[in-house]
Number of protein chains: 2
Amino acid sequence: MEDGTAERIRPRDRILETARDMFHKHGIKGVGVDAITEAAGTNKMTLYRHFESKDDLVIECLRATACSANAMWQKFEAEHPGDKLAQLHAWVRMAADCLMMDGRGCDMANAAIELSETDHPARRVIKELKQAQRDRLVGLCRDAGIGQAELLADTLSLLLEGARVSLQSVGAEGPSAQFVRMAEGLITSFRAR
Amino acid sequence: MEDGTAERIRPRDRILETARDMFHKHGIKGVGVDAITEAAGTNKMTLYRHFESKDDLVIECLRATACSANAMWQKFEAEHPGDKLAQLHAWVRMAADCLMMDGRGCDMANAAIELSETDHPARRVIKELKQAQRDRLVGLCRDAGIGQAELLADTLSLLLEGARVSLQSVGAEGPSAQFVRMAEGLITSFRAR
DNA sequence: CTAGGGTGTTACCGGTCTGTAACTTCTAGA
DNA sequence: TCTAGAAGTTACAGACCGGTAACACCCTAG
């Protein structure tokens, strides 16, 4: 029978969660499978019984990250049902919160930079997941009644992506500090057109 | 006497140039010192006679990159002497050209993402070089007579940084394709204030 | 011509990496 | 209680990494 406290998590899930955290903090090439399994309280053999390779583990981590992002979008809808403009502002607020709490950027973007081999299996996944997020933001802008929805969504995307990487290179006092002001200004400007 | 054709470049410079190219293409952790020296037509010992360590080589590469960027700024001033607004538009054009030619992003930003250790010696250098570039762009915006010069410069910075990383994750058909339109629109909008 | 510094060559050190084999131990379900 | 599969353990292979030692070479300045 299952432990009522649900404390005993399956090794596969422990590995996945630990790997996500460590990849996020130290980068993919900055952490080895041994370190992951040790931190997850298990061993290398168990990892390779559940994942074909380290690359496979990386891909599963990225999918899990996308899944978390999906949960965010559902939260926006739940908190502001039907009010697409409020959801857009919630997106900005969430992005800003992640910015100042986190310090490290987007896992997919970081992975894309680290895995420079153009035929790396993770790149396909990154591209399609990022594309899905873009479509989602475009849809939100459109449903919020904004005329040039694609342009606003793409501009917001680039601003956030830029803020994340700027945070890591210039630091928190750099341009990324103005993210909310820029994003809100853009939304206002696009709504006025 | 020196070779008149200047074909015989010093090993140090060959290593530096080769390392810049390979770090740019494959990332810092993605290329070893052996591969660099081989591609530079020399050997590991010579590398370590000129550079204290791989980290030291990385830092010198970043400084060289900053130097190339400085040359760009001088070109702007030379092509549009005194006309700061024209120089700002030239900056946008140059950024867009780099975007579609290159495929890989900014060396400093990529390095900052790859070298996640907060105490890595290269991070200090990255921060100060990036800060200098930011100051330069702010100064250009201010001299071009734009009121909220800092905000415009920071927005343009984030847009470019975002476009570079988006190019690597989503691809060339993604949001980065609209960079020029966004940047020019921003400049127009800020000038009208 | 000669001395010396820059360079090339080879071999090596200790460490880390991904991935596997063989075997033991644990645990859940019938 | 018995059994099958999941998980843990140990050891290892093979490759690559950054960095160093010792020595041979070449080329140029004097």
Side-chain angles (χ1 to χ4, degrees), chain A residues 1-20 22-23 25-62 111 114-117 119-123, chain B residues 1-20 22-23 25-62 111 114-117 119-123:
Chain A
M1 67 197 76
E2 291 87 34
D3 189 341
T5 62
E7 189 176 339
R8 206 98 195 107
I9 313 175
R10 290 256 186 247
R12 194 196 128 97
D13 297 325
R14 265 160 32 210
I15 291 172
L16 202 58
E17 201 170 339
T18 308
R20 272 184 70 186
M22 297 184 74
F23 285 154
K25 283 183 188 153
H26 312 111
I28 293 170
K29 294 187 181 171
V31 52
V33 291
D34 263 324
I36 294 173
T37 53
E38 191 185 356
T42 177
N43 53 70
K44 201 158 48 168
M45 271 313 302
T46 301
L47 187 151
Y48 281 104
R49 285 190 188 107
H50 288 289
F51 303 94
E52 284 185 7
S53 63
K54 185 184 179 182
D55 284 346
D56 184 38
L57 174 61
V58 168
I59 291 176
E60 291 304 312
C61 285
L62 293 176
E114 235 180 325
L115 309 175
S116 56
E117 309 95 322
D119 60 339
H120 194 288
R123 294 193 75 89
Chain B
M1 68 200 73
E2 290 87 33
D3 190 340
T5 62
E7 189 176 340
R8 205 97 195 107
I9 314 176
R10 291 256 184 246
R12 196 197 127 97
D13 297 327
R14 263 159 36 208
I15 292 172
L16 202 57
E17 201 169 339
T18 309
R20 271 185 72 187
M22 297 185 75
F23 285 152
K25 283 181 188 153
H26 311 111
I28 293 170
K29 294 187 182 172
V31 53
V33 290
D34 263 323
I36 293 173
T37 54
E38 191 186 357
T42 178
N43 53 68
K44 201 157 49 168
M45 271 313 301
T46 301
L47 188 151
Y48 281 103
R49 285 189 190 109
H50 289 289
F51 303 94
E52 284 185 6
S53 61
K54 186 185 179 181
D55 284 346
D56 183 38
L57 174 61
V58 168
I59 290 176
E60 291 304 311
C61 285
L62 293 176
E114 231 179 330
L115 309 175
S116 55
E117 309 94 321
D119 60 340
H120 194 287
R123 294 193 75 88

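Note on naming: letters A, B, ... go to the chains in the order of the sequence lines (proteins, then strands), and numbering restarts at 1 for each one. Atom set for the values below is all heavy atoms of this structure, side chains included, hydrogens, waters and symmetry mates excluded.
- Counting heavy atoms from C-beta on, the side chains of A:Ile36 and A:Val31 come closer than 4.5 Å.
- Distance, A:Ile36 CD1 to C:dC17 P: 10 Å, rounded to whole Å.
- Rounded to an integer number of Å, the gap from CD1 of A:Ile9 to P of C:dT27 is 17 Å.
- Across the interface with DNA chain D, nearest-nucleotide mapping of A:Pro11 and B:Ala35 shows A:Pro11 to be the residue nearer the 5′ end.
- Across residues 46-54 of chain B, B:Tyr48, B:Ser53, B:Lys54 each have a non-hydrogen atom less than 4.0 Å from an atom of DNA chain D (numbered order).
- A distance of 11.5 Å separates CZ in A:Arg20 from CG in A:Leu57, rounded to the nearest 0.5 Å.
- Two residues, B:Arg12 and A:Ile28, neighbour DNA chain C, and the one matched to the more 5' nucleotide by heavy-atom proximity is B:Arg12.
- Look at CZ on A:Arg10: it is 16 Å from C1' on D:dG8, rounded to the nearest Å.
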Q: Check the pair A:Val33, A:Tyr48 against side chain to side chain contact (heavy atoms under 4.5 Å, CB included), reporting the backbone distance first and the verdict last.
A: CA-CA 9 Å; A:Val33 291; A:Tyr48 281 104; 3.9 Å; yes
Filtered N/O pairs between nucleotides 10-15 of chain C and protein, under 3.5 Å:
none

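- The closest side-chain heavy-atom distance from B:Glu60 to B:Arg12 is below 4.5 Å.
- In terms of heavy atoms, A:Ala19 sits closest to A:Cys61 at CB-SG, 3.7 Å.
- Between the NZ atom of A:Lys29 and the P atom of D:dC17 there is a distance of 11 Å, rounded to whole Å.
- Between A:Ile28 and A:Lys54 the shortest side-chain heavy-atom distance falls below 4.5 Å.
- For B:Ser116 against B:Arg123, the heavy-atom pair with the smallest separation is CA-NH1, 4.0 Å.
- Atom CD of A:Glu38 is separated from atom P of D:dG8 by 13 Å (rounded to the nearest Å).
- Remark: the A:Asp56 side chain and the A:Ser53 side chain contain no N/O donor-acceptor pair separated by less than 3.5 Å.
- The structure places CG of B:Leu47 at 10.0 Å from CE of B:Met45, a figure rounded to the nearest 0.5 Å.
- B:Asp34 places its CG atom 13 Å from the C1' atom of D:dA15, with the value rounded to the nearest Å.
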